There are 2 protein chains.
Amino acid sequence: MLAVPANRLDDQLISALRTGVLRLSRRLRLELGGDLTLTQMSVLGTVSREGPLTIGELANHEHVKPPSATRTVTSLEGAGLVARSSSDDDGRQVLVTITDAGSELLAGIRRRRDAWLRDHLDQLSDDERQVLEAAAPLLDRLAQS
Amino acid sequence: MLAVPANRLDDQLISALRTGVLRLSRRLRLELGGDLTLTQMSVLGTVSREGPLTIGELANHEHVKPPSATRTVTSLEGAGLVARSSSDDDGRQVLVTITDAGSELLAGIRRRRDAWLRDHLDQLSDDERQVLEAAAPLLDRLAQS
DNA sequence: TATTGTTATACTCTATAACTATA
DNA sequence: TATAGTTATAGAGTATAACAATA
């Protein structure tokens, strides 16, 4: 069988993917709840994943400018979720690390979000779940490329 | 063949989906560019899709409070992207409609985002594209449910 | 009286520019 | 001099509370 013209398929796929990804992402954020703002949550997650980071490194990861990183770190530090320490190598640098309380709060947020996804995945058929299973790593690859 | 325990599969799927969707969504937003903020973009999109809306309806769609909707509409109106008119039915209500300039700006944003997705989809195999094709509507269903 | 939208006020997030401390 | 981080200042987004106009 001859291939369906690729452009036509791509157009539909792109539009559907854009809508699906954006809407699901929004719902996921809404279902999060918790006391943190999105900015604080994102920074906390980055510090958790990427280990001790300087303010500059954190700003780069978050795609914000250093003053914004400073402000968010200050608020998280005030809540006891991250800690500042000075670098041994360079006295100008500040190292930001996550605290135990920060890790626990983050875990709670992930639990809530995953619980929501779990509830809603139950409404799908086995076949549909298999499709999503194959698609998930592709979405991530798309985001990294 | 006996079924693999569903819980184990679900755990992996949920985690992978969460990561993939959130990262792709963030990348999509980053690739957008343009002069609008995310809030303005979202409101403009909603007004475009949902036709004339009152401030209250718009606030509900966007999950914000009426004062926030008022503020965003005022900024978009100042940029000539939406227009306010008063309702014939109820003198208290304000109807918000998109202007031609608003529609054009929105189309440009979608073009940029879709162009990025198109470039990156080209790096996938045909099989992988088919998986995404099947997954896209499922993501949307998940978001609506 | 109840409802719709706006205005008043306060807080967070972001940016640029100026400043401080260290290299 | 250059760099890392902070502080100063300004503008957008959000909320709650108070207000105006209309139902």
Side-chain angles (χ1 to χ4, degrees), chain A residues 25-26 29-47 50 52-97 102 105 109, chain B residues 26 29-30 32-47 50 52-97 102 105 109:
Chain A
S25 164
R26 194 181 301 152
R29 290 171 187 277
L30 284 178
E31 299 298 328
L32 236 59
D35 292 334
L36 293 188
T37 66
L38 242 43
T39 297
Q40 292 166 337
M41 209 154 50
S42 178
V43 165
L44 193 59
T46 296
V47 172
E50 309 292 333
L53 290 176
T54 67
I55 296 288
E57 289 168 342
L58 182 57
N60 283 338
H61 270 93
E62 296 292 313
H63 296 287
V64 298
K65 300 300 175 187
S68 300
T70 288
R71 170 183 276 273
T72 304
V73 165
T74 299
S75 72
L76 291 173
E77 190 185 30
L81 304 175
V82 302
R84 273 185 172 96
S85 60
S86 48
S87 167
D88 293 337
D89 303 344
D90 186 334
R92 297 170 301 181
Q93 290 184 332
V94 167
L95 291 179
V96 183
T97 52
L105 194 146
I109 288 172
Chain B
R26 192 181 303 152
R29 289 170 187 276
L30 284 177
L32 235 62
D35 292 333
L36 293 189
T37 67
L38 241 43
T39 297
Q40 292 166 337
M41 211 155 48
S42 179
V43 165
L44 192 58
T46 296
V47 172
E50 309 293 334
L53 290 176
T54 68
I55 294 289
E57 289 168 341
L58 183 56
N60 284 338
H61 270 93
E62 296 292 313
H63 297 284
V64 297
K65 301 300 174 187
S68 300
T70 290
R71 171 185 275 272
T72 303
V73 164
T74 299
S75 71
L76 290 173
E77 190 184 30
L81 303 174
V82 303
R84 272 186 173 95
S85 61
S86 47
S87 168
D88 293 337
D89 302 345
D90 185 335
R92 298 169 301 179
Q93 291 184 329
V94 167
L95 291 177
V96 183
T97 51
L105 193 145
I109 289 174

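Lettering of chains follows the sequences in order, A, B, ..., and the numbering in each one begins at 1. Treat the numbers as computed from the prediction; the structure is a model and nothing was measured.
Rounded to a whole Å, the CD atom of A/Q93 is 14 Å from the C1' atom of D/dA2. The CG-P distance, from A/L38 to C/dC11, rounds to 21 Å in whole Å. Atom CG in A/L95 sits about 12 Å away from atom C1' in D/dA4, given to the nearest Å. If you measure from atom CG of B/L58 to atom C1' of D/dG13, you get 14 Å, rounded to the nearest angstrom. Distance CZ (B/R84) to P (C/dG5): 10 Å, rounded to an integer number of Å. Look at CG on A/N60: it is 10 Å from P on D/dG5, rounded to the nearest Å. For the pair B/D89 CG and D/dT22 P, the interatomic distance rounds to 15 Å; values are reported in whole Å. Put simply, CD on B/E62 is 18 Å from P on D/dA12, counting in whole angstrom units.
Here B/Q40 reaches the OP1 or OP2 of D/dG13: one of its side-chain N or O atoms lies under 4.0 Å away.
Scanning both residues, B/T70 and B/R84, for their nearest heavy atoms gives O-NH2, 3.5 Å. The heavy-atom pair separating B/P66 from B/I55 by the smallest distance is O-CG2, 4.0 Å. Contact record, B/V47 with B/L58: CG2-CD1, 4.0 Å, taken as the closest heavy-atom pair. The two residues B/S87 and B/D89 come nearest to each other via the heavy atoms OG-N, 3.1 Å. Across every non-hydrogen atom of B/L44 and B/G102, the tightest pair is CD2-O, 3.8 Å.
A side-chain contact (heavy atoms from CB on, under 4.5 Å) with B/Q40 is found for one member of B/L76, B/V82, B/L81 and no other, namely B/L76.
Only B/K65, B/P67, B/S68, B/R71, B/T72, listed by number, bring a heavy atom of residues 65-79 of chain B to less than 4.0 angstrom from any atom of DNA chain D.
Using modelled atom types, no side-chain atom of A/T72 and backbone atom of A/A69 make a donor-acceptor pair closer than 3.5 Å. Between the side chain of B/S42 and the main chain of B/L38, no donor-acceptor pair closer than 3.5 Å is present.
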Atom pairs under 3.5 Å: protein N/O with N/O of nucleotides 20-22 of chain C:
none

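Annotation: side chain of A/L53 is not in contact with side chain of A/L95 (no heavy-atom distance under 4.5 Å).
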